[in-house]
Amino acid sequence: IRAAHAQGQVSFPSDIYQQIKAADGMTKKGSITQTAHIAGIMAAKRTHDLIPLCHPLPLDKIGLSFNYNDDLSAIVVNASVKVTHKTGVEMEALTAVSVACLTIYDMTKAISHDITIDNIHLMTKTGGKSDYQHD
């Protein structure tokens with residue numbers, strides 16, 4: 001089994017962040033996190049269509065979580081992907097986080113364009129030739 005966990009964040013001006021959090025992530029378009037969750041799963045499954053030379057993989061598990069971080073005025077996005085295959089899934093985890101963050105941006109841009117997507121990175125990778133743990 002090969003697994004990867006990636007993380008990123010969508011940061012807002014503090015007043016906009018508080019507005020989003022107070023509305024429990026609901027906008028005129030719908031739920032920010034529910035929509036981003038679906039987008040992240042779809043993106044992980046389609047990574048091979050987006051990134052040249054990535055293999056299509058029969059993914060066993062894709063999990064996404066979204067957490068409000070008051071100190072950063074951000075929604076932190078985590079994606080974990082697992083596969084029983086000969087190649088790793090770090091690109092799928094990173095793609096899931098990236099597209100989930102882009103979806104959050106899309107869902108909130110009507111409120112403010114002063115939004116940043118930051119710090120997308122691989123947290124862990126297991127299985128394969130070498131394991132990785134972000135410090």
Side-chain angles (χ1 to χ4, degrees):
I1 292 178
R2 299 186 186 218
H5 169 211
Q7 186 177 82
Q9 68 188 38
V10 183
S11 302
F12 304 90
S14 61
D15 59 327
I16 300 299
Y17 170 80
Q18 291 301 331
Q19 179 183 341
I20 291 167
K21 187 177 176 187
D24 198 27
M26 289 301 293
T27 67
K28 290 180 182 178
K29 286 185 166 186
S31 170
I32 295 166
T33 55
Q34 287 178 355
T35 305
H37 187 262
I38 294 166
I41 290 170
M42 291 174 65
K45 290 181 175 187
R46 302 299 299 244
T47 299
H48 66 280
D49 288 331
L50 301 170
I51 300 176
L53 307 180
C54 280
H55 302 293
L57 298 175
L59 302 177
D60 296 325
K61 182 175 190 252
I62 306 165
L64 282 102
S65 67
F66 303 86
N67 300 296
Y68 289 92
N69 184 313
D70 295 344
D71 294 336
L72 300 173
S73 294
I75 298 174
V76 178
V77 180
N78 286 279
S80 296
V81 180
K82 290 183 182 177
V83 68
T84 305
H85 208 269
K86 295 179 182 179
T87 187
V89 287
E90 55 264 46
M91 293 311 300
E92 286 74 9
L94 288 162
T95 300
V97 166
S98 299
V99 172
C101 288
L102 287 168
T103 301
I104 292 170
Y105 183 97
D106 183 54
M107 297 287 292
T108 57
K109 70 182 185 234
I111 302 167
S112 172
H113 280 92
D114 196 14
I115 303 166
T116 58
I117 297 171
D118 302 303
N119 204 17
I120 295 172
H121 61 284
L122 184 65
M123 297 292 290
T124 62
K125 166 184 117 50
T126 58
K129 293 180 182 174
S130 64
D131 290 347
Y132 172 79
Q133 175 77 40
H134 178 71
D135 294 332

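- At least one donor-acceptor pair under 3.5 Å links the side chain of Thr47 to the backbone N or O of Ala43.
- Pro52 and Leu50 get closest at one heavy-atom pair: CD-O, 3.8 Å.
- Summarising the geometry of Ala36 relative to Leu64, their closest heavy-atom pair is O-CD2, 4.5 Å, with the distance given to 0.1 Å.
- Separation of atoms CD1 (Ile75) and CG (Asn67) is listed at 10.0 Å; rounding is to 0.5 Å.
- For His121 and His134, the ring centers are positioned less than 6.0 Å apart.
- Atoms CE and OG1, on Met107 and Thr27 in that order, are 4.0 Å from each other to the nearest 0.5 Å.
- In this structure, Phe12 is not a member of the same hydrophobic cluster as Val76, with clusters built from ILVMFWY side-chain heavy atoms closer than 4.5 Å.
- Applying the ring-ring contact (aromatic ring centres under 6.0 Å, His included) criterion to His85, with sequence neighbours excluded, gives no partner residue.
- Nearest approach of Val97 to Gly8, heavy atoms of both residues: CG1-N, 3.5 Å.
- Two residues are said to be in side-chain contact when any heavy atoms from C-beta on lie closer than 4.5 Å; Val89 and Leu59 meet this criterion.
- Between Gln7 and Asn78, the side chains place a donor N or O and an acceptor N or O closer than 3.5 Å (distance only, hydrogens not considered).
- A distance of 10.0 Å separates OG in Ser11 from CD1 in Ile115, rounded to the nearest 0.5 Å.
- Applying the salt bridge (charged side-chain N to carboxylate O under 4.0 Å, His left out) test to Lys109 and every residue at least two apart in sequence or in another chain returns Asp106.
- Note on Val10 and Leu72: separate hydrophobic clusters, where clusters join Ile, Leu, Val, Met, Phe, Trp and Tyr whose side-chain heavy atoms are under 4.5 Å apart, directly or indirectly.
- Atom CE of Met42 is surrounded by 12 or fewer heavy atoms from other residues, nucleotides or ligands within 6.0 Å.
- Taking each heavy atom of Ser112 and Pro13 in turn, the nearest pair found is OG-CG, 4.2 Å.
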Ile32 vs Ile20, side chain to side chain contact (heavy atoms under 4.5 Å, CB included): CA-CA, chis, key distance, verdict: CA-CA 9 Å; Ile32 295 166; Ile20 291 167; 3.5 Å; yes
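- In this structure, Ile51 places its CD1 atom where more than 12 heavy-atom neighbours from other residues, nucleotides or ligands lie under 6.0 Å away.
- Interatomic distance, CD1 of Ile104 versus CZ of Phe66, reported as 5.5 Å (0.5 Å rounding).
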Working for side chain to side chain contact (heavy atoms under 4.5 Å, CB included), residues Ile62 and Lys45: CA-CA 9 Å; Ile62 306 165; Lys45 290 181 175 187; 3.8 Å; yes
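- Not one N or O on the side chain of Tyr68 forms a donor-acceptor pair closer than 3.5 Å with the backbone of Ser73.
- The side-chain hydrogen bond (donor to acceptor under 3.5 Å, both in side chains) test applied to Thr116 returns Asp118, not counting sequence neighbours.
- Residue Ala39 comes nearest to Val99 through the heavy atom pair O-CG1, 3.7 Å, listed as atom of the first residue, atom of the second, then distance.
- Nearest approach of Lys82 to Ala3, heavy atoms of both residues: CG-CB, 3.7 Å.
- Remark: Gln34 CD to Thr103 OG1 distance equals 13.5 Å, nearest 0.5 Å.
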Stepwise side chain to side chain contact (heavy atoms under 4.5 Å, CB included) test for Ile117 and Leu102: CA-CA 8 Å; Ile117 297 171; Leu102 287 168; 3.7 Å; yes
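- In this structure, the side chain of Tyr132 does not engage the main chain of Thr126 through any donor-acceptor pair within 3.5 Å.
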Stepwise side chain to side chain contact (heavy atoms under 4.5 Å, CB included) test for Asp70 and Lys21: CA-CA 9 Å; Asp70 295 344; Lys21 187 177 176 187; 2.8 Å; yes
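- Rounded to the nearest 0.5 angstrom, Ser130 OG and Lys125 NZ are separated by 4.5 Å.
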